[in-house]
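Working notes for the structure below.
Note that the structure is predicted; figures quoted are calculated from it, not measured. A, B, ... follow the sequence lines: proteins, then strands. Residue 1 opens every chain.
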2 protein chains.
Amino acid sequence: MPLPEPVPDLVSLDLLDSVIRLGSIRRAAAAHGISQPAASMRLRSLERVLGLDLLDRSSGRARPTLAGEAVTEWGRQVLDATRDLMVGAEALRHQGRTQVRIAASMTVAEYLVPGWLQRMAASTPDVAVSLQMGNSEQVAESVAAGANDLGFVEGRTAPAGLESLVVLEDELVLVVAPSHPWARRRRPITAAELARTPIVVRERGSGTREVLEAALGPLGLAVTVGVELGSTTAIKTAIEAGAGPSVLSTLAVGTDAAEGRLVPVAVAGLSFDRDIRAVWMPDRRLPEAAREFLAIAEGTTPGAPVFSRRGPRRPGGAPEGPGRPPGR
Amino acid sequence: MPLPEPVPDLVSLDLLDSVIRLGSIRRAAAAHGISQPAASMRLRSLERVLGLDLLDRSSGRARPTLAGEAVTEWGRQVLDATRDLMVGAEALRHQGRTQVRIAASMTVAEYLVPGWLQRMAASTPDVAVSLQMGNSEQVAESVAAGANDLGFVEGRTAPAGLESLVVLEDELVLVVAPSHPWARRRRPITAAELARTPIVVRERGSGTREVLEAALGPLGLAVTVGVELGSTTAIKTAIEAGAGPSVLSTLAVGTDAAEGRLVPVAVAGLSFDRDIRAVWMPDRRLPEAAREFLAIAEGTTPGAPVFSRRGPRRPGGAPEGPGRPPGR
DNA sequence: CCACAGCGATAGGATTTCCTTATGCCCCTG
DNA sequence: CAGGGGCATAAGGAAATCCTATCGCTGTGG
């Protein structure tokens, strides 16, 4: 389902953000390297596309209206995601001689690496980071072969022969489309029910299927494979289209669950936990820049919880990690 | 700081997403209502802008490369944020005769309403929702006057004369720029330290300042106002520019903290909690569509925690809500 | 009370971008 | 080996965008 036309322009949203930051259209135009009339026209065009008055120009300087404030903040979200995309693309482009060479599994590369790259760029802007992707085995191999300084893999156990550190705990969740019968169930699905239901899985030997089988195996159950698809995006699309349940990383379902496109379903008696580990060569001392990147990755905030609250109150306060207690 | 040129195009990212979903450039072009050569050129242009090969066209149908999968997923994040913006803009546009009239405070409107609107659109596509913004008093007034069916306000107490329901608990956090000395502190800031430090605050009577004063008041302390600014975006910009600490909703600092632009700082002995409440007229029965919207808002997943973990492990499993236990 | 300075809107003209139709080449399949 | 689906290329035209120059308005300082 394509985005409904007309679509606001990224450059215009960026320009609007600059106007709010700098307080005038003229300054924003200068910051973007375009003339003031061009900026003025872009903003007017944005207002026309959205059908809203965003700026109050009546008092000399341009001040945001209420709608303008809201659109600016929403636009900031769009621009942040765009920055993620661009730093990710840049890291992918630098597949070669750079100062830090990172390898990551698809899930880590798609959902965690862009944020790390942004923090890295903020703390040490002069260090170029390259990113290579592959499944956990390929990542481990490339690190062992010295092709990359640092690798990030997911799984239940640490790869042999490499130094490793758990940077985050991930969890797989069973998800279905909102229209699926399981979306309205209150009782958790049983392991037996799950085992006899065809599941949408990734074809490549991604950790997902491995964890699923490792969880069902001890109970004497096996996975019933429905469709095999090649990418997380394709799987999500298939689920939304009603292809059946699937098991995905909480990292991958975060926004989709928050906006109701996918519904997580509880499974009784199964643990889908896995660790996300940084791995590197044991003997060789890590380059300084790689240590910096590792420190950033280690400081990652866990993602938002997937299961919605039912009642109006949270039980035990905010879901904070153990470090840096707010000390109330 | 403007986005570095060249910027990928939203329409092209949308098109790429469709190509991955539908498996061919031709189908994607048809879905977007453009010709196949136009789609082909847009995709090639996107590859040129990003400097990456996204699609493997050698085998008849266009299949994504590894980089293509990653860019598609990153693009999905951008498109999701864009959809948030567009449903928000549409709701703002429909300030008039629609089927559900919502009023919300700025914080709720900026960070929560778009998600609710998306879920609303998914469950009941035919219902148009209008959105009006203002501070908590204005929201309560407009609901009491019957101008809106449902309001969302933030604060420590429920507005008088209206039915209300807590849909989420919010918390304010002290945030500073990464370059600020407090960003590297391990010990929490004391209330006295906070009170004697100039703080960046919003000028309007937004709940933020109120909560801050309510927290300091019982200790015999008062807020030292540094700069007063008109919008959350402006405050964030000021903090990043080194203007000093501020106190913001966790909803507002979520992505900024995750990407390291803002650093939350713990404060000892102060509680910055507040509730986000839905309010409506007590006597009148809520229209069916408004009840639906309320149900969606009530099911909101709490945001990601703001304080980073220090150690490599989380303490007590995933931060899930009480409802729908995963039952492991 | 008036003049100045800063800001934004408008006008006209040139350049660039983007799309459509028509056509050729390649891969896979029967 | 022939057919069909799919993508790339070419050429022409429509549309959007940007620039320079200029005017009108607001707020301020003398």
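Residue A/Arg42 places its side chain closer to D/dC18 than to any other of D/dC7, D/dC18, D/dT9.
Taken to the nearest 0.5 Å, the CZ atom of A/Arg44 stands 8.0 Å off from the CD1 atom of A/Ile25.
A salt bridge does not link A/Asp80 with A/Arg76: none of the charged nitrogens is closer than 4.0 Å to a carboxylate oxygen. Ion pairing between a basic and an acidic side chain is recognised when a charged N comes within 4.0 Å of a carboxylate O; A/Arg63 and A/Asp56 show no such pairing. Salt bridge A/Glu47/A/Arg42: absent, no basic N to carboxylate O contact under 4.0 Å. Salt bridge status for A/Arg48 with A/Asp53: absent, with no side-chain N to carboxylate O gap under 4.0 Å.
If you take CE of A/Met41 and P of D/dT20, they are 14 Å apart, rounded to a whole angstrom. Between the CZ atom of A/Arg57 and the P atom of D/dG27 there is a distance of 16 Å, given to the nearest Å. Rounded to a whole Å, the CZ atom of B/Arg44 is 12 Å from the P atom of D/dC7. Rounded to whole angstrom, the span from the CZ atom of A/Arg48 across to the C1' atom of D/dA15 amounts to 12 Å. Taking atom CG of residue A/Asp56 and atom P of nucleotide D/dC25, one finds them 17 Å apart after rounding to whole Å. Between the CG atom of B/Leu43 and the C1' atom of D/dT9 there is a distance of 16 Å, given to the nearest Å. As rounded to whole Å, 15 Å separates atom C1' of D/dT17 from atom CD of A/Gln36. Taking atom CD1 of residue A/Ile34 and atom P of nucleotide D/dA16, one finds them 18 Å apart after rounding to whole Å.
Inspection of the A/Arg101 and A/Ser130 side chains reveals no N or O donor paired with an N or O acceptor under 3.5 Å.
Put simply, chain B comes within 4.0 Å of DNA chain C, heavy atom to any atom, from C/dC18 to C/dC27, going 5' to 3'.
When the side-chain nitrogen and oxygen atoms of A/Ser35 are compared with OP1 and OP2 of D/dC18, none of them lie within a distance under 4.0 Å. Look at A/Arg61 and you won't find any side-chain N or O under 4.0 angstrom from OP1 or OP2 of D/dG27.
Across all strands shown, A/Arg26 has heavy atoms under 4.0 Å from base atoms, whether or not it also approaches the sugar-phosphate. Using a 4.0 Å heavy-atom criterion, one finds that A/Ser45 contacts no nucleic acid atom at all. Across all strands, B/Ala38 comes closer than 4.0 Å to base atoms (heavy-atom distances). B/Ser24 comes within contact range of the sugar-phosphate backbone alone, with a heavy-atom separation under 4.0 Å but no base atom that close.
With the nearest nucleotide of DNA chain D identified for both B/Gly23 and A/Ser58, B/Gly23 has the one nearer the 5' end.
The six-membered or imidazole ring of B/Trp74 lies away from that of A/Tyr111, with a centre-to-centre distance of 6.0 Å or more.
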